[in-house]
Amino acid sequence: MLKSSLFSSIIKTSVLLSFVGANCHVFAKEGMWLPPTLKSRETDMQKMGLEIPIEQIYNTSGTSLNNAVVLFGKGCTGEIISSKGLILTNHHCGYGTVQGLSSKEHDYFANGFWAQNNSEELPCGGLTVTFIRRMENVTDKITTGLTDTIPEADRNNIVNTRIKNLEKGYKVSSGLDATIKPYFNGNQYWVILSETYRDIRLVGFPPNGIGTFGGDTDNWSWPRHTGDFSMFRVYAGKNNKPADYSKDNKPYEAKEYFTLNISGYKEGDFTMVYGFPGTTNEYISSYQLNQIYSIIDPIRIEARTKRLNAWQEQMQKNREVFLKYTSKRAGVANGWKKWQGEVRGLKLNDALGKKQDYERNFQQWAITDNSLPYADDLLSQMAAKSLSINDILKTDEYFKEAVYGVELVQQASLLDKMLQVMRSGLNGSALKDSLIKLSKASGGFYKNYDAETDKHVFDVLMPLFMNKCAGRIPATFTKQYNEQGKNYSRWGDYVFSSIVASSEDIAHFADNSAAADSNKIKNDPAWILYNAANQYRSTYLTPNINRYYNDMAYLNRLYMNAQMQLDKHKIFYPDANLTLRLTYGKIDGIDPDGPAGYSYQTTLDGVIAKDNPDVDEFKVPQKLKELYTKKDYGRWAVNGTVPVAFIASNHTSGGNSGSPVLNAKGELIGTNFDRVWEGTMSDLYFDPNLCRNISLDIRYTLFIVEKFGNAGWLLKEMKIVNNKKK
Ligand code: ARG
Ligand code: GLU
């Protein structure tokens with residue numbers, strides 16, 4: 001595994017160098033547009049190939065495509081692909097939910113899951129999907145009468161009250177949920193009118209051999225062969241409205257859903273991605289960019305490398321540990337790899353240098369223009385504030401990634417809650433009941449916890465923390481460490497004698513606590529660590545960091561405003577904030593003219609070429625190999641193979657996973673699931689030469705559903721078109 005990833009990164013380096021600095025021929029389009037503002041992009045989009053009116057993408061009468069895009073769970077996108085509420089999203093977006101439905105007996109990761117009719121669809125407790133019905137610009141209502149430079153705290157008070165009142169009004173008048181969010185760092189506000197459905201059921205989920213094929217080795221990279229999709233269904237109660245789970249609920253009747261176009265695409269074709277990008281910071285100063293680049297990202301990478309190695313070792317030894325940690329590991333590894341790409345991309349592009357150039361221009365505009373007197377010293381203020389917090393930010397990041405990287409330390413918060421209950425004056429059976437309730441509520445944690453694995457993590461992360469944060473270490477940490485002979489493994493043994501290390505111990509404690517002994521908690525080694533970390537952070541770190549971010553929120557709002565007024569060349573779009581956006585670009589290989597032996601598209605042949613029965617990440621399921629051997633592709637055959645994935649130049653971010661990828665007519669040709677590693681810096685700095693989103697070809701999805709999952713019944717409810725067939 002290591003070898004192959006090393007190899008691929010060497011290839012990538014040479015590919016990368018060959019097009020850095022090359023002429024910017026590409027059509028990549030920076031920007032994540034709010035649907036109601038798309039009209040201003042229409043001409044540009046038409047020039048690039050858009051063939052439908054903007055009103056079909058977004059309008060306020062409930063008939064546009066936004067009604068077929070959902071926020072899936074807490075941070076992914078999904079799309080409706082049938083009139084019966086069928087949702088298509090990524091495999092990795094359904095992963096956590098499917099983990100909850102899986103067991104050793106029902107190992108959906110190993111075997112996949114394919115409902116054969118509605119009654120076999122599995123309820124997913126806790127999962128929700130949200131439809132965005134409408135958005136309105138309410139900036140005037142929120143900011144009227146407020147001067148730009150009013151102190152942030154006063155402004156927040158006024159703004160928050162206005163937001164609450166206005167949301168209430170919108171809820172009443174629309175009968176929908178209403179949320180008001182800031183855009184452009186608080187220079188604009190939009191109300192989002194939405195509906196959240198709560199009865200969601202699992203319909204189809206390929207085994208990991210397809211859905212996570214390539215694993216972390218291939219994650220964030222191109223060429224890619226992951227069948228990263230899963231299917232769910234929205235169920236509705238009376239009148240097609242949201243309802244809690246009930247067996248009487250019916251599949252949601254969707255008026256708007258995507259037509260699937262299976263006739264293919266070619267390089268240069270227009271594409272759009274409609275979804276929920278989570279967080280970008282495109283307009284920050286070089287000082288904040290430098291914090292991410294040289295403090296935050298490197299610490300996260302360093303600590304996670306250690307944590308992941310420790311997990312991996314245990315997961316390989318024991319299938320139960322694998323099942324417990326697979327979802328957690330995927331999440332931790334995902335950021336780990338992304339930040340490596342981000343740091344590298346920022347460096348290769350000299351993003352800091354470019355920001356500094358921009359800031360020199362900005363300073364010039366600010367001094368020349370008299371309309372915004374506060375603009376002149378914004379940058380110097382941001383510089384001073386950023387520099388003074390760097391040391392504290394560094395320590396805090398080590399706390400978050402190293403100390404809290406040990407799950408046991410976090411779990412000791414349970415003891416803290418118990419302690420508070422004990423101190424609240426409850427006693428006897430009332431106290432006992434409360435403690436038992438708390439202990440039971442933590443069941444979910446223990447279901448996915450292995451103390452031995454976590455102890456290995458302790459053994460590698462605590463030395464990191466102690467070494468890197470010398471001078472800023474809580475006294476209690478040093479005391480425990482010294483008492484255990486300055487030996488990390490012994491220290492770990494001691495800490496893991498905690499009663500939160502096992503669900504039995506904590507349950508036993510809760511059960512026998514009628515005469516509660518708070519000393520037992522106060523002497524618990526994990527609680528002591530947890531408490532010391534919290535005390536230290538809340539005394540020396542958090543207040544400073546909060547003050548810093550508050551100050552920066554103020555300065556960044558003014559800086560954003562000033563950039564928008566003074567920069568006459570740029571077209572501004574708001575940073576991502578997990579609200580609905582449309583981005584557009586073109587199907588575009590990453591190195592169309594260079595030496596790379598691959599193009600903008602991958603195929604099933606490439607999947608088979610990567611097959612390696614000895615490596616979990618690259619084990620192709622037997623049945624898929626049989627389909628390949630027999631060339632049993634049905635109508636999904638294209639030039640003797642099946643297309644799998646493609647790349648395009650749409651500006652996407654985390655949260656866009658599962659987003660519909662559309663052609664010029666607004667028909668679905670794929671599902672977004674990743675970006676190329678070299679371009680992940682696009683959250684901070686977008687470079688059209690390097691930034692590509694990766695999508696799963698809808699034909700591979702349908703091929704897997706029909707031929708591999710034998711769930712062809714699902715295709716009957718979809719609207720599938722093929723321009724090539726008359
Ligand atoms: N990189 C993709 C995203 O950011 C996919 C993550 C899931 N896959 C994985 N191997 N961790 O969400
Ligand atoms: N995989 C990401 C997600 O879950 C999308 C990739 C990206 O960050 O662009 O949102």
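Read the numbers this way: they start at 1 and go in the same order the structure lists the ligands and their atoms.
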> What is the nearest protein non-hydrogen atom to atom 11 (N) of ligand 1, stated with its residue, atom name and distance?
Replying inline: A330 O, 3.3 Å
>> Taking distance alone, with N or O pairs closer than 3.5 Å, would you say H92 contacts ligand 2?
In response: yes
> Which atoms of ligand 2 are found less than 4.0 Å from any heavy atom of W220?
Replying inline: 6 (C), 7 (C), 8 (O)
>> Considering non-hydrogen atoms of the protein only, which is the closest contact for atom 4 (O) of ligand 1, and what is the distance?
In response: N334 ND2, 2.9 Å
> Checking T680 side chain against K338 main chain: does a donor-acceptor pair fall under 3.5 Å?
Replying inline: yes
> To the nearest 0.1 Å, how far is atom 5 (C) of ligand 2 from its closest protein heavy atom, and which atom is that?
Replying inline: S657 OG, 3.0 Å
> D674 near ligand 1, heavy-atom distance under 4.0 Å?
Replying inline: yes
>> Geometry only, no angles: is C93 polar-contacting ligand 2 at N/O separations under 3.5 Å?
In response: no
> Are side-chain N/O atoms of W220 and N334 paired as donor and acceptor at under 3.5 Å?
Replying inline: yes
>> Under the criterion ring pair (Phe, Tyr, Trp, His ring centres under 6.0 Å), I'd like the reasoning laid out for F572 against F184: C-alpha separation, chi angles, the key distance, then a yes or no.
In response: CA-CA 9 Å; F572 290 88; F184 292 114; 7.1 Å; no
> What about G75: any of its N or O atoms under 3.5 Å from an N or O on ligand 2?
Replying inline: no
>> Using heavy atoms and a 4.0 Å limit, tell me yes or no: is K338 in contact with ligand 2?
In response: no
>> Tell me whether D588 is salt-bridged to R692, with the criterion being a basic N under 4.0 Å from an acidic carboxylate O.
In response: yes
> Looking only at protein heavy atoms, which one is nearest to atom 6 (C) of ligand 2, and how far off is it?
Replying inline: D674 CA, 3.5 Å
> atom 9 (C) of ligand 1: which protein heavy atom is closest, and how many Å away?
Replying inline: N219 ND2, 3.5 Å
> How close does the nearest protein non-hydrogen atom get to atom 7 (C) of ligand 2, and which residue and atom is it?
Replying inline: R675 NE, 3.2 Å
> Does ligand 1 have a heavy atom under 4.0 Å from the side chain of S657, from its backbone, from both, or from neither?
Replying inline: side chain
>> Could you check whether F131 and Y197 have their ring centres less than 6.0 Å apart?
In response: yes
>> Between ligand 1 and G215, can you find any atom pair, the residue atom being a heavy atom, that is separated by under 4.0 Å?
In response: yes
> Is the closest N or O pair between C76 and ligand 2 shorter than 3.5 Å?
Replying inline: no
>> Please determine whether ring pair (Phe, Tyr, Trp, His ring centres under 6.0 Å) holds for the pair H651 and Y584, giving the CA-CA distance in whole Å, both sets of side-chain angles, and the decisive distance to 0.1 Å.
In response: CA-CA 7 Å; H651 185 186; Y584 57 95; over 10 Å; no
> Does E282 offer a backbone N or O that forms a donor-acceptor pair with the side chain of D575 under 3.5 Å?
Replying inline: yes
> What protein heavy atom sits nearest atom 12 (O) of ligand 1, and how far away is it?
Replying inline: H92 NE2, 3.0 Å
>> Under a 4.0 angstrom heavy-atom cut-off, which atoms of ligand 2 come close to N656?
In response: 10 (O)
> Can you check whether F276's main-chain N or O pairs, donor with acceptor, with T77's side chain at less than 3.5 Å?
Replying inline: yes
> With a distance cut-off below 6.0 Å to the six-membered ring centre and an angular limit of 45° from the axis, does K328 pair with Y325 as a cation-pi contact?
Replying inline: yes
> Counting N and O atoms only, with roles assigned by atom type, does the side chain of N650 sit under 3.5 Å from a partner on the main chain of G585, one being a donor and the other an acceptor?
Replying inline: yes
>> Considering non-hydrogen atoms of the protein only, which is the closest contact for atom 10 (N) of ligand 1, and what is the distance?
In response: D216 OD1, 3.0 Å
> Can you check ring pair (Phe, Tyr, Trp, His ring centres under 6.0 Å) on F113 and Y108, steps first, answer last?
Replying inline: CA-CA 6 Å; F113 173 83; Y108 300 132; 5.2 Å; yes
>> Could you report the tightest heavy-atom contact between A664 and L50, atom names first, then the distance?
In response: O-CD1, 3.7 Å
> Contact between Y95 and ligand 1, counting heavy atoms under 4.0 Å?
Replying inline: no
>> Which residue and atom name correspond to the protein heavy atom nearest atom 10 (O) of ligand 2, and how close is it?
In response: G655 N, 2.4 Å
